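Let me begin by presenting the structure, written as structure tokens, before commenting on it.
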Amino acid sequence: MLRIHNTLTGRKDPFEPLVPGTVRMYVCGVTVYDDCHIGHARSALVFDVIRRHLEYSGFSVTFVKNFTDVDDKIIKRAHERGKPWQEITAEYIEAYYRDMGRLGIKPATVEPKATEHMAEIIGLVQELIRKDVAYQVNGDVYFQVERYGAYGRLSKRKMEDLQAGARVEVDERKRHPMDFALWKGAKPGEPAWESPWGPGRPGWHIECSAMAMKHLGETFDIHGGGMDLIFPHHENEIAQSCAATGKEFARYWLHNGFVQINQEKMSKSLGNFFTIREIFEKSEWPEAITGEILRYFLLTTHYRSPLDFSDQGLREAKNVLDGFYDLFKRLAEAGQSSSGADDELPFDIGFAEVTFKNGMDDDFNTPVALAALQQLRGAINKLIQKGLSTEARKAAREKFRSLGDVFGLFQLNTWQFNPLKKIAREAVTALKEERMPDSAIETRLAERIEAKKKKDFKLADEIRAELASQGITIEDRPDGTSRWKR
RNA sequence: GGCGCCGUACCCAAGUGGCUAAGGGAGCAGUCUGCAAAACUGCGAUGCGGCGGUUCGAACCCGCCCGGCGCCUCCA
């Protein structure tokens with residue numbers, strides 16, 4: 001039984017979708033005016049994994065993730081660069097797909113853009129005016145917060161509390177300080193769409209309500225996003241959606257914790273953020289491996305807890321993954337008839353599967369699920385020592401592949417550095433260009449095996465030292481062959 | 001001022017009332033190996049920020065305190 005922590009109730013609730021066997025979920029995507037940072041990566045990854053786990057659990061999932069492609073920040077950026085705003089959004093949507101692709105984030109089922117839903121947005125605003133919960137002031141339309149009695153139920157805030165600490169500058173045209181814009185009249189030169197209130201653009205919150213309703217219906221199962229969206233964004237989405245339809249909007253609200261740098265929130269305003277792009281460009285590992293390291297690292301902490309980003313954390317993730325891929329290398333080799341090890345394998349696998357699933361079913365506890373995989377790694381290493389058949393090895397590798405798929409891990413066939421691919425990439429440092437090609441390594445390795453056969457250990461050690469200076473580690477196997485890795 | 005979160009070994013990180021406090025990384029020792037590497041084995045918190053309280057029993061519940069953080073404004 002899957003249980004999910006619901007921000008709305010403040011508890012872990014048993015998950016029961018509205019329509020049995022199907023899940024409809026909406027996650028707030030990004031505003032496309034800049035490169036994505038690790039915080040975006042974490043959020044995207046968390047919901048990617050949640051989606052994958054739901055699918056793994058047998059649900060048919062409709063996953064909607066939007067792009068906010070019209071907004072004040074975009075207009076500002078366009079102005080700064082002297083470019084049309086459409087060029088800014090196109091550029092960063094492309095960057096988004098590049099970065100998320102590197103991270104192995106699966107595209108959502110539907111990825112709607114605000115600018116392509118003007119009719120729905122305008123219709124929703126009209127409905128709110130018709131119901132007398134929104135009002136027009138010149139070319140703007142505001143949602144009247146006092147008309148929605150349950151305002152504050154998501155963020156657990158009272159209207160009075162909000163006002164007390166409010167640092168919002170009072171807009172005289174609003175009837176209540178907390179009222180928020182549904183539609184903003186356009187100033188000259190700003191992007192604008194025709195509406196009953198004159199040319200303008202949607203407010204930030206309304207687009208999500210309109211797009212969620214269009215693609216998922218008035219009431220759906222899961223709505224997610226970063227913790228910072230609880231207030232005001234999601235609170236406002238609930239208010240305007242419920243006021244418009246008279247029905248519940250989303251039933252389970254999920255929010256991921258922040259990525260921090262040195263115990264502090266990572267944010268644009270503090271200037272202490274890393275973009276996904278720079279992490280990949282600075283990485284000494286090829287793209288696919290860097291992506292997997294990053295995924296593993298981001299999943300070592302439960303999605304609701306804060307996560308401190310650090311090079312040390314990344315290095316540790318690499319070490320752990322090395323252990324897994326070393327095992328996979330062994331599993332790819334021929335085995336010998338076992339002494340009962342084959343019979344023990346299903347027990348170890350079954351145990352890991354149950355632990356994995358129980359962990360994930362408990363509010364997507366990825367650290368517990370990861371621990372199950374680590375235990376399985378140890379168990380199978382022991383079985384290999386006892387003697388595991390070729391078939392059993394294949395079965396074990398397949399199990400890692402299928403369980404790992406929930407996290408997007410363990411899908412690579414080789415965990416080795418590929419210099420040709422690396423050189424093809426843009427940001428290659430001189431150091432990296434001097435990497436030894438695989439063929440040269442293989443040649444030296446063959447020479448070393450010859451030397452070993454002749455008991456010329458001096459030469460063998462020299463060759464190993466030479467390769468070691470290139471960052472290459474050699475493993476001699478009992479049968480006289482050798483493996484190498486970077 | 002209001003609302004809320006966190007503090008578990010050198011590091012990461014589960015556990016939130018009841019077997020010896022998961023798992024991993026790093027480290028050390030050992031087995032194996034020509035030497036290594038990998039793998040395996042062993043070691044590692046008598047204690048879960050501190051002090052009280054509730055309870056037969058608490059890392060887990062309550063209170064106070066210390067330390068750190070977030071939201072209340074655009075923000076994943």
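Computed from a predicted structure; not experimentally measured. The chains referred to below are lettered A, B, ... by the order of the sequence lines, with proteins before strands, and numbering in each begins at 1.
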* Asked: A22(B) and U16(B): how far apart are their C1' atoms, nearest whole angstrom?
  -> 14 Å
In this structure, is the centre-to-centre distance between the rings of F67(A) and Y97(A) below 6.0 Å? yes
Stems field, RNA chain B, Watson-Crick or wobble, 3.5 Å, at least 3 pairs, by first number, holds B:1-7 with B:66-72, B:10-12 with B:23-25, B:27-31 with B:39-43, B:49-53 with B:61-65
Side-chain atoms of D326(A) come closest, of A38(B), C71(B), G34(B), to A38(B)
In whole angstroms, the gap separating C1' of A38(B) from CG of L327(A) amounts to 11 Å
By salt bridge (Lys or Arg N to Asp or Glu O under 4.0 Å), R330(A) pairs with (sequence neighbours left out) none
Of the candidates A76(B), A13(B), G34(B), the side chain of P367(A) sits closest to A13(B)
How would you label the contact of M227(A) with the nucleic acid (heavy atoms, under 4.0 Å): base, sugar-phosphate, or nothing? nothing
**Message:** Please confirm whether the ring centroid of F47(A) lies under 6.0 Å from the ring centroid of Y303(A).
**Reply:** no
Taking A37(B), C40(B), G34(B) as options, the one with an atom nearest any side-chain atom of E475(A) is A37(B)
D71(A) atom CG is separated from A76(B) atom P, nearest whole Å, by 10 Å
Query raised in the report: For atom P, what is the distance between A76(B) and G15(B), given to the nearest Å?
Result: 28 Å
Start with the C-alpha gap between T31(A) and D71(A), add the side-chain angles, then the distance that decides, and say whether side chain to side chain donor-acceptor pair (under 3.5 Å) holds.
CA-CA 8 Å; T31(A) 301; D71(A) 139 291; 4.7 Å; no
Is any side-chain N or O of R304(A) under 3.5 Å from a base N or O of C5(B), one able to act as donor and the other as acceptor? no
G226(A) near the nucleic acid: base, sugar-phosphate alone, or nothing, with a heavy-atom cut-off under 4.0 Å?
sugar-phosphate
With the side chain defined as heavy atoms from C-beta on, T31(A) is closest, among A13(B), A38(B), A76(B), to A76(B)
Next on the checklist: Please report the distance separating the P of C65(B) from the corresponding atom of A59(B), rounded so that it comes out in whole Å.
Outcome noted: 23 Å
- Task: Verify the ring-centre separation between F220(A) and F249(A): is it less than 6.0 angstrom?
- Result: yes
_Rounding to an integer number of angstrom, what distance separates A14(B) and U8(B) when you compare their P atoms?_
11 Å
Ranking H302(A) and K73(A) by the position along RNA chain B of their nearest nucleotide, the one closer to 5' is H302(A)
Side chain to side chain contact (heavy atoms under 4.5 Å, CB included) filter on S305(A), not counting sequence neighbours, yields T301(A), H302(A)
Expected string for nucleotides 24-33 of chain B under the B/S/- scheme (protein heavy atoms, under 4.0 Å, primed atoms plus P, OP1, OP2 as sugar-phosphate) is BSS-------
Under a 4.0 Å heavy-atom cutoff, the residues of residues 253-261 of chain A touching RNA chain B are N256(A), G257(A), F258(A), V259(A), Q260(A)
Here the distance between atom P of A76(B) and atom CD1 of I276(A), to the nearest Å, is 12 Å
Between NE2 of H205(A) and P of U73(B) the distance, given in whole Å, is 11 Å
Can you list, pair by pair, the side-chain donor-acceptor contacts under 3.5 Å of residues 315-322 of chain A, counting residues two or more places apart and other chains?
{"residue": "K318(A)", "atom": "NZ", "partner": "D322(A)", "partner atom": "OD1", "Å": "2.8"}
{"residue": "K318(A)", "atom": "NZ", "partner": "D322(A)", "partner atom": "OD2", "Å": "3.0"}
{"residue": "D322(A)", "atom": "OD1", "partner": "W415(A)", "partner atom": "NE1", "Å": "2.5"}

Under 4.0 angstrom between K386(A) side-chain N/O and C40(B) OP1 or OP2
no
Q.
Over all strands shown, is G313(A) touching base, sugar-phosphate only, or nothing at heavy-atom distances under 4.0 angstrom?
A. nothing
Rounded to whole Å, CD of E333(A) lies from P of A39(B) at a distance of 13 Å
Name the nucleic acid region contacted by L229(A), choosing base, sugar-phosphate or nothing; use a 4.0 angstrom heavy-atom cut-off, strictly under.
sugar-phosphate
Parallel under 30°, tilted from 30 to 60°, perpendicular over 60°: which one fits the rings of F400(A) and F410(A)? perpendicular
